[in-house]
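First up is the structure itself, then whatever we jot down about it.
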Amino acid sequence: MSSTPLPSGTDVPYYPLLLNLRGKICLVIGGGAVAERKVRMLLKFGASVNVVSPKMSRKLLRWAEDGKITVRRGEYYESDLEETSLVFAATDREEVNARVKEDASRRHIPVNVVDNPRLCDFIVPSLVTKGPISIAISTSGTLPFLSKRLRQLISREITWDYVKYARIMGRVRRLLIETEKDGKKRKEILKHLGEMEMEEVNRIGFRKIKSKFLASHE
């Protein structure tokens with residue numbers, strides 16, 4: 001059985017994947033502005049963040065004082081990878097970044113080396129995040145400025161009406177899954193709900209939708 005050959009070089013796309021990082025230990029190696037950006041994003045998605053660097057920015061130290069992250073001031077050691085799920089190497093020392101990549105690969109831990117796609121197991125997409133809606137945009141590491149431009153365009157299109165709709169329908173769907181055990185009937189209700197216009201859903205709200213479609217199933 002033959003397989004379809006992959007494109008060569010930078011044309012090979014990254015596989016899009018959304019991770020649940022809540023409570024997972026993520027290691028950031030580096031203590032500057034780049035490390036700050038990585039830490040801020042990881043905290044936003046509920047990760048437990050450890051930071052290792054001989055020098056730390058004031059913001060990183062303040063986050064540590066507030067109990068938001070754990071820091072260790074010093075050089076990186078392979079033992080820093082213990083119990084780690086994800087690694088970001090954000091130092092300005094190529095030899096350290098390369099060693100992090102080697103150590104993490106040996107332990108089968110995905111690693112991102114900032115500004116060096118060749119050493120990355122994954123790249124961080126440009127994100128549009130509003131409420132429960134997350135849209136990831138990537139050019140597979142080839143044109144970061146294009147990802148940023150696309151993010152700005154998409155962000156303007158995703159209004160807070162979409163957020164309200166997603167929250168209402170998310171609650172309805174969860175309740176329906178919990179209360180309606182007949183899979184065929186559940187599918188029919190979800191199909192009918194999916195045909196409702198966003199404006200109608202937002203106007204009548206969760207309580208009225210619940211009473212109309214789900215009250216008999218509680």
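L43 and K68 get closest at one heavy-atom pair: CD2-O, 3.5 Å. Here the closest non-hydrogen pair linking P144 and T139 is N-OG1, 4.1 Å. When all heavy atoms of A35 and V28 are compared, the pair lying nearest together is CB-CG1, 3.8 Å. In terms of heavy atoms, I29 sits closest to T91 at O-CG2, 3.3 Å. A pairwise comparison of heavy atoms in S57 and E36 identifies OG-OE2, 2.5 Å as the closest pair. Taking all atoms of both residues into account, the shortest heavy-atom contact from I168 to N202 is CD1-OD1, 3.9 Å.
In this structure the side chain of M41 reaches within 4.5 angstrom of the side chain of L127, judged on heavy atoms. Within the 4.5 Å cutoff, no side-chain heavy atoms of V51 are placed close to those of R72. Side-chain contact check for S134 versus F45: some heavy-atom pair is nearer than 4.5 Å. Using a 4.5 Å heavy-atom threshold, the side chains of V201 and M169 count as touching. In this structure, the side chains of W63 and R40 come closer than 4.5 Å at one or more pairs of heavy atoms. Residues P132 and R167 have side chains in contact (heavy-atom distance under 4.5 Å, counting atoms from C-beta outward). In this structure the side chain of R73 never reaches within 4.5 angstrom of the side chain of S53, judged on heavy atoms. Side-chain contact between K38 and V124 is present, with heavy atoms from C-beta onward closer than 4.5 Å.
Electrostatic pairing of R99 and E95 does not count as a salt bridge here, judged by no charged N lying under 4.0 Å from a carboxylate O. For R174 and E178, the salt-bridge test fails: no basic side-chain N is under 4.0 Å from an acidic carboxylate O.
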Going through the checks in order, is the side chain to side chain contact (heavy atoms under 4.5 Å, CB included) test met by L193 and V172?
-> CA-CA 9 Å; L193 289 169; V172 170; 3.5 Å; yes

Show your reasoning for whether side chain to side chain contact (heavy atoms under 4.5 Å, CB included) applies to L21 and L86.
-> CA-CA 9 Å; L21 293 180; L86 211 63; 4.1 Å; yes

Derivation of the side chain to side chain contact (heavy atoms under 4.5 Å, CB included) call for Y165 and W160 | CA-CA 9 Å; Y165 173 81; W160 287 100; over 6 Å; no

So D161 and K164, salt bridge (Lys or Arg N to Asp or Glu O under 4.0 Å) or not? Walk me through it.
-> CA-CA 5 Å; D161 287 336; K164 183 178 180 180; over 6 Å; no

CA sep, side-chain torsions, deciding dist, call: F206, L175, side chain to side chain contact (heavy atoms under 4.5 Å, CB included) | CA-CA 11 Å; F206 172 75; L175 183 57; 4.3 Å; yes

Working for salt bridge (Lys or Arg N to Asp or Glu O under 4.0 Å), residues R107 and E82 | CA-CA 9 Å; R107 292 170 177 252; E82 293 293 337; 3.3 Å; yes

Where do R106 and E102 land on the salt bridge (Lys or Arg N to Asp or Glu O under 4.0 Å) test, with the steps shown first?
-> CA-CA 6 Å; R106 192 162 49 246; E102 182 180 342; 3.7 Å; yes

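More than 12 heavy-atom neighbours from other residues, nucleotides or ligands sit within 6.0 angstrom of CD on E78. Annotation: Y77, atom OH; neighbour count of heavy atoms from other residues, nucleotides and ligands within 6.0 Å does not exceed 12. Within 6.0 Å of atom CD in E83, 12 or fewer heavy atoms from other residues, nucleotides or ligands are found, so the atom counts as exposed in its surroundings. The number of heavy atoms from other shown groups lying within 6.0 Å of CD (E195) is above 12. For R171, the CZ atom counts as loosely surrounded, since its 6.0 Å shell holds 12 or fewer non-hydrogen atoms of other residues, nucleotides or ligands.
The cluster map of Ile, Leu, Val, Met, Phe, Trp and Tyr, joined by side-chain heavy atoms under 4.5 Å apart, puts L143 and V114 in different clusters. A continuous path of hydrophobic side-chain contacts links L17 to L42 [ILVMFWY only; heavy atoms under 4.5 Å]. With hydrophobic clusters built from ILVMFWY side chains whose heavy atoms lie under 4.5 angstrom apart, I109 shares a cluster with V111. Hydrophobic clustering, with ILVMFWY side chains joined whenever heavy atoms are under 4.5 angstrom apart, groups V52 together with V113. The same ILVMFWY cluster, assembled from side-chain heavy atoms under 4.5 Å apart, contains both I204 and I189.
Remark: the backbone N or O of T159 is not paired with any side-chain donor or acceptor of R156 at under 3.5 angstrom. Of the possible donor and acceptor atoms, none in the side chain of K59 sits under 3.5 Å from a partner among the backbone N and O of G32. Side-chain atoms of K130 come within 3.5 Å of backbone N or O of I158 as a donor-acceptor pair. Without hydrogens or angle criteria, N50 side chain to L27 main chain gives no donor-acceptor distance under 3.5 Å. A donor-acceptor distance shorter than 3.5 angstrom exists from the side chain of S211 to the backbone of K208, with no hydrogens or angles considered. Between the side chain of R186 and the main chain of E180, a donor-acceptor pair closer than 3.5 Å is present. The main-chain N or O of L81 is found under 3.5 Å from a side-chain atom of T84 such that the two form a donor-acceptor pair. Side chain of N112 to backbone of C120: no donor-acceptor contact under 3.5 angstrom is found.
The CD1 atom of I154 lies 12.0 Å from the CD1 atom of I133; values are rounded to the nearest 0.5 Å. One distance of note links CG of L60 with CD of E65; it measures 11.5 Å at 0.5 Å rounding. Put simply, CG on D115 and CG on N97 are 9.5 Å apart, with the number rounded to the nearest 0.5 Å. Rounding to the nearest 0.5 Å places OG of S126 at 9.5 Å from CG of L146. The CG atom of D103 sits 3.5 Å away from atom OH of Y76, with the distance rounded to the nearest 0.5 Å. To the nearest 0.5 Å, atoms CG (L176) and NZ (K185) are separated by 10.0 Å.
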